[in-house]
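Note on naming: letters A, B, ... go to the chains in the order of the sequence lines (proteins, then strands), and numbering restarts at 1 for each one. The analysis underlying the following values was restricted to heavy atoms, covering all of them including side chains, and did not include hydrogens, waters or symmetry mates. Just so we're clear, the structure is a prediction, and the values are computed from it rather than from any experiment.
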Amino acid sequence: MPAIRQKLLDWYDEAGRDLPWRHTRDPYAVWVSEVMLQQTRVETVIPYYQRFLESFPTPQALAEADEDAVLSCWSGLGYYRRARLLHAGVREVVAQYGGKVPEDADARRALPGVGRYTAGAIGSIAFDKEEPIVDGNVTRVLARLLRIETQVGTSATTKRLWSEAAQLVPGERPGDFNQALMELGAMICTPKRPRCDSCPVTEQCEALARGEVERLPVKRERRPPTEVDLAAVVATRGRGADRQVWLVKGNQPLFGGLWGVPMAEDNARAALTEAGLRARLASAPVGEVEHVLTHRRLRVDVYRASAAQGSESDTRRPFTIEDLEKVGISTLTRKVLAATFRG
DNA sequence: TATGCGTGGCC
DNA sequence: TGGCCAAGCAT
């Protein structure tokens, strides 16, 4: 086992990528990077990470920001609940711990949005603690190295993976070792066409010895996405540069906390009614938009409407194009607006 | 334990 | 082209 640890560290020192969050051990910055990287590619995260830390350089700055500003910075990155939980977690750190991310593992783990992985990543990278992590990369690397054939996602396999990771992590530079494990999964031990020729631990790999690398890990089947037909209403008032679009702020699971045009299943009139808007609705859609999420395939008919009047509230108000940059809106909303105004 | 939550890139 | 993801978490 020590051989694996040292070889991975040596390989990481030589071949590891130079990424923005690898230039800091500020636990807050590490936290931000880890949350952004959840289920999201490195290349996608980089510009968001840099903008976010420029806007909110310290826990205090983020804690003081309002949610619209935070989601504006997150807009387009997806999984918006992450941003809201990070915001809540950082506010808790400021309120309870004087703005210092707690070194205590249990206290860290108890923060909103901080699960076992994120807690371990912050602990090992920022605090040099010998805490293991298991993410998708580590799962794949360990499943192959140790030839773990049980299905990923079951409690027994999860327990085994965390146990194996915990046995590997003790020693020097636990944060770098954890990142080396993930980096190997990202660069060499990839899901498809792994680059075993360049792998530093081929001698230790039980799956390679048996020619079973591409078969592992054994994953669960995915359910096909649900098809949903929606109607969206772009209700405007004014013309030209003064034109404003009515948006509503949702607090539902889908796109929670973001502003968007009124939408409802199949029915544009219902979308307006649910939004509490009175407007002249066009009889035919002006366009169609498709948006695919992991578990849903959305097909959206886009309608125009004019709404000269309307009562504004915390969850319903008109936006100029300029205003849109100050709040969080989903990529779906961007598509709907683009389909309406052609850019 | 199973499910829902976004997005963009890849082959 | 479309299926398959990618550094999880909460419920």
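When all heavy atoms of A:Val138 and A:Leu181 are compared, the pair lying nearest together is CG1-CD2, 3.9 Å. Pairing each heavy atom of A:His87 with each of A:Ala65, the nearest pair is NE2-O, 3.0 Å. Residue A:Glu149 comes nearest to A:Val218 through the heavy atom pair O-CG2, 3.4 Å, listed as atom of the first residue, atom of the second, then distance.
Taking a 4.5 Å side-chain heavy-atom cut-off between Ile, Leu, Val, Met, Phe, Trp and Tyr, the cluster of A:Leu85 contains only that residue.
Comment: A:Lys249 engages A:Asp68 in a salt bridge, judged by a side-chain N to carboxylate O separation of less than 4.0 angstrom.
Using a 4.0 Å heavy-atom criterion, one finds that A:Arg140 contacts the sugar-phosphate atoms exclusively. Residue contacts for A:Arg334: at a heavy-atom cut-off of 4.0 Å it reaches no nucleic acid atom on any strand shown. Within 4.0 Å of A:Thr154, counting heavy atoms only, lies no atom of the nucleic acid at all. Contacts of A:Val114 with the nucleic acid, taken as non-hydrogen atoms under 4.0 Å apart, involve only primed sugar atoms and P, OP1 or OP2.
Hydrophobic clustering (side-chain heavy atoms under 4.5 Å, transitive across Ile, Leu, Val, Met, Phe, Trp, Tyr) groups A:Val169 together with A:Ile148. Hydrophobic clustering keeps A:Ile4 apart from A:Val213 (ILVMFWY residues linked when any side-chain heavy atoms are closer than 4.5 Å, directly or through intermediates).
Going from atom CG of A:Asp135 over to atom P of C:dA6 covers 11 Å, rounded to whole Å. Rounded to whole Å, the distance from CH2 on A:Trp31 to P on C:dG8 is 17 Å. To the nearest angstrom, P of C:dT1 lies 13 Å from CZ of A:Arg297. Rounded to a whole Å, the CD atom of A:Glu221 is 14 Å from the C1' atom of B:dA2. Per the geometry, CG belonging to A:Asn251 stands 17 Å off P belonging to C:dA10, to the nearest Å. For A:Met36 and C:dC9, the CE to P distance is 16 Å, given to the nearest whole Å. Distance, A:Lys219 NZ to C:dG3 P: 17 Å, rounded to whole Å. Rounded to whole angstrom, the span from the CG atom of A:Leu111 across to the P atom of C:dC9 amounts to 12 Å.
Taking the six-membered ring for Trp and the full ring otherwise, the centers of A:Trp74 and A:Tyr48 sit at least 6.0 Å from each other.
Residues satisfying the side chain to side chain donor-acceptor pair (under 3.5 Å) test with A:Arg17, not counting sequence neighbours, are A:Glu183. Evaluation of the ring-ring contact (aromatic ring centres under 6.0 Å, His included) rule for A:Phe127 yields no partner, not counting sequence neighbours.
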The contact string for nucleotides 4-10 of chain B, one letter per nucleotide 5' to 3', using protein heavy atoms under 4.0 Å with B, S and - for base, sugar-phosphate only and none, comes out as BBBBBB-

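Taking atom P in both C:dC9 and B:dG8, one finds a spacing of 23 Å when rounded to whole Å. For C:dA6 and C:dA10, the P atoms lie 22 Å apart once the distance is rounded to whole Å.
Between A:Trp21 and A:Tyr49, the ring planes are perpendicular. Angles over 60° get that label, and only those under 30° would be called parallel.
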So A:Ser33 and A:Arg22, side chain to side chain donor-acceptor pair (under 3.5 Å) or not? Walk me through it.
CA-CA 10 Å; A:Ser33 74; A:Arg22 291 183 176 163; over 6 Å; no

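At the phosphate of B:dA2, OP1 or OP2 sits under 4.0 Å from a side-chain N or O atom of A:Arg220.
Applying a 4.0 Å cut-off to non-hydrogen atoms, the residues of residues 12-22 of chain A that approach DNA chain C are A:Arg17, A:Leu19, A:Trp21, A:Arg22, listed by residue number. At a non-hydrogen distance threshold of 4.0 Å, nothing from residues 117-134 of chain A comes into contact with DNA chain B.
The nearest heavy atom of DNA chain C to A:Met182 and to A:Pro112 marks one nucleotide each, and the one closer to the 5' end goes with A:Met182.
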